[in-house]
Every structure is written in C-alpha cells, then in structure tokens.
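See structure below.
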Amino acid sequence: MPLLVDRLPLHCWVDKSCTPAAEHWSVRLPALPSPPHGPPLPTARAQDWVLDIGFTGEALAWRHHLEDAGLDPDTDRDLPVSLRWSATGAKTQAPVRLANLWLLSTIAHQAPFLLRLVGGIVFNDKRVVTPDPELHRALIGMRPLIRAGLKLEVDFASRTFSLWTP
C-alpha cells in the first residue's frame, strides 16, 4: 500500500469557552473538495478536514469550505438531508452539494488520492464572516474511508498519524 500521509502531527486545540478549559485532539487530513466528475479547480487551496469516527455521513462542511474550493454551493445540489446533532439532539434540514474529496499527500511527488463521496457533501448553509477553524470545521465520516480501503495508523505516543492508500 502506498504511503500518502507520513507521520503528520495530530491536531490539538484548547477550548477556553468552557470551565475548565478543554483540550481537544483530532486527525486532520489535508484535502480539496472537487466537482463530482473532475479534479479540484486550479484556484482551490488545501483545507484541513477532520476525520470524525462518530459522524455517520460521508462528509460535512460549511458553505465557506465549498466556496474556498471554487465550488458554487447553489449548483449541483442533491436532495437535502435531515441531520441530528448528537450533542444537542436537534434536527435540521441541510443542503447537499454533489462533490468529491481529494486527499493530499505529505510525500513529495505523490499524487492526491480521490475519495469518492456517495451523495456529495452535506453543508451548513450559513455564511460566516470570520470562520473559526476549530468550530467551523469540515468533517470526513468513516464510510468513504472504509469504501476506499484506506489504512490509518494513529501513534498516540508520538501524537502522529499515517495514511496508506490501496
């Protein structure tokens, strides 16, 4: 299996809005959203997408993630889906933008890996003037990673992770 991400540090941030302040760790994969039948647009910049093992969908983003990738959130839509936020139990309808994700490599000259998303990216359609990367983060669920046959190794002792492609 070719190595795509080699010992990238786990991401850590401290939420100071709660008492006591809480430290959060995550696996953040460098990725680019793309149109459903093509590569990322040339103007797109790499984004950090959090691997969320508790998220039961394919991918979840905010409107600005799609716009930053050059994708118009108001086109190539699928039917909206019903979301339930596990923290609050609140339900909401969310739009879906047909798209895929390309996982970027940390290995020189290694091509990005196409992660096909069944049904596209569910997104929060709120405009955020100054997005907080910790609170307004994009998520990748387990299903597309399993379907793609990826191998993820998390080394908690060194606080790094590596990712291999089939």
Side-chain angles (χ1 to χ4, degrees), residues 1-34 40 44-69 81 83-92 94 97 99-108 110-126 128-166:
M1 294 182 93
L3 184 61
L4 186 73
V5 174
D6 186 22
R7 292 173 294 202
L8 200 60
L10 293 176
H11 178 73
C12 180
W13 66 282
V14 177
D15 182 356
K16 296 178 183 174
S17 69
C18 54
T19 305
E23 187 175 74
H24 300 284
W25 292 86
S26 61
V27 170
R28 287 194 167 197
L29 297 169
L32 283 173
S34 74
R45 299 171 311 183
Q47 301 175 358
D48 286 331
W49 284 62
V50 175
L51 170 59
D52 186 342
I53 62 172
F55 176 52
T56 58
E58 296 276 318
L60 175 76
W62 289 71
R63 183 179 186 88
H64 68 268
H65 291 107
L66 299 172
E67 291 173 338
D68 289 349
V81 297
L83 292 179
R84 186 179 60 133
W85 302 104
S86 60
T88 63
K91 290 183 180 180
T92 186
R97 171 55 155 93
N100 284 312
L101 278 177
W102 291 78
L103 302 181
L104 304 177
S105 181
T106 60
I107 311 295
Q110 177 76 348
F113 180 81
L114 173 59
L115 190 62
R116 294 189 189 281
L117 301 176
V118 174
I121 299 171
V122 176
F123 68 99
N124 188 324
D125 203 11
K126 295 179 183 168
V128 180
V129 177
T130 308
D132 181 331
E134 308 306 350
L135 301 175
H136 304 108
R137 58 191 176 273
L139 307 176
I140 302 173
M142 295 287 283
R143 282 191 285 176
L145 302 175
I146 290 170
R147 231 182 6 259
L150 301 179
K151 176 185 173 183
L152 174 70
E153 179 181 276
V154 180
D155 182 342
F156 291 102
S158 68
R159 294 185 172 103
T160 61
F161 72 95
S162 299
L163 184 73
W164 289 264
T165 62

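In this chain, residues are counted from 1 in sequence order.
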Do [X] and [Y] have side-chain heavy atoms sitting under 4.5 Å apart?
| X | Y | value |
| --- | --- | --- |
| E58 | R147 | yes |
| V5 | S162 | no |
| L150 | L152 | no |
| M142 | L51 | yes |
| D48 | P133 | no |
| V27 | L163 | no |
| L60 | L83 | yes |

- Item | Result of checking R159, E134, R137 against H11 for side-chain hydrogen bond (donor to acceptor under 3.5 Å, both in side chains) |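 Only match with H11 under side-chain hydrogen bond (donor to acceptor under 3.5 Å, both in side chains): E134.
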Rounded to the nearest 0.5 Å, what separation is found between the [atom1] atom of [X] and the [atom2] atom of [Y]?
| X | Y | atom1 | atom2 | answer |
| --- | --- | --- | --- | --- |
| I140 | I121 | CD1 | CD1 | 9.0 Å |
| R63 | N124 | CZ | CG | 10.5 Å |
| S17 | D132 | OG | CG | 9.5 Å |
| L32 | W102 | CG | CH2 | 10.0 Å |

- Message: Does anything in residues 135-166 form a ring pair (Phe, Tyr, Trp, His ring centres under 6.0 Å)? List the pairs, not counting sequence neighbours.
- Response: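 Sorted pair list: W62-H136.
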- With sequence neighbours left out, write down each residue that passes side chain to side chain donor-acceptor pair (under 3.5 Å) with R7, or none if nothing qualifies. none
Identify the two heavy atoms, one from [X] and one from [Y], that lie closest to each other, and give their separation to 0.1 Å.
| X | Y | result |
| --- | --- | --- |
| A46 | L104 | CB-CD1, 3.5 Å |
| A59 | L117 | CB-CD1, 3.9 Å |
| L115 | P144 | CD1-O, 3.4 Å |
| L4 | A111 | CD1-O, 3.7 Å |
| K16 | A21 | CA-CB, 4.1 Å |
| P166 | A148 | CG-O, 3.0 Å |

- Task: Could you give me the CA-CA distance, side-chain angles and deciding distance for D68 and R45, then say whether side chain to side chain contact (heavy atoms under 4.5 Å, CB included) is met?
- Result: CA-CA 7 Å; D68 289 349; R45 299 171 311 183; 3.8 Å; yes
- Item | Check: I107 main-chain N/O paired with S105 side-chain donor or acceptor under 3.5 Å |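 Judged by distance alone, yes, a pair lies under 3.5 Å.
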- Hey, mind stepping through L101 and L29 against side chain to side chain contact (heavy atoms under 4.5 Å, CB included) and telling me if it holds? CA-CA 11 Å; L101 278 177; L29 297 169; over 6 Å; no
- Message: One thing to verify: whether R97 and E67 come together as a salt bridge, which I'm taking to mean a side-chain N less than 4.0 angstrom from a carboxylate O.
- Response: no
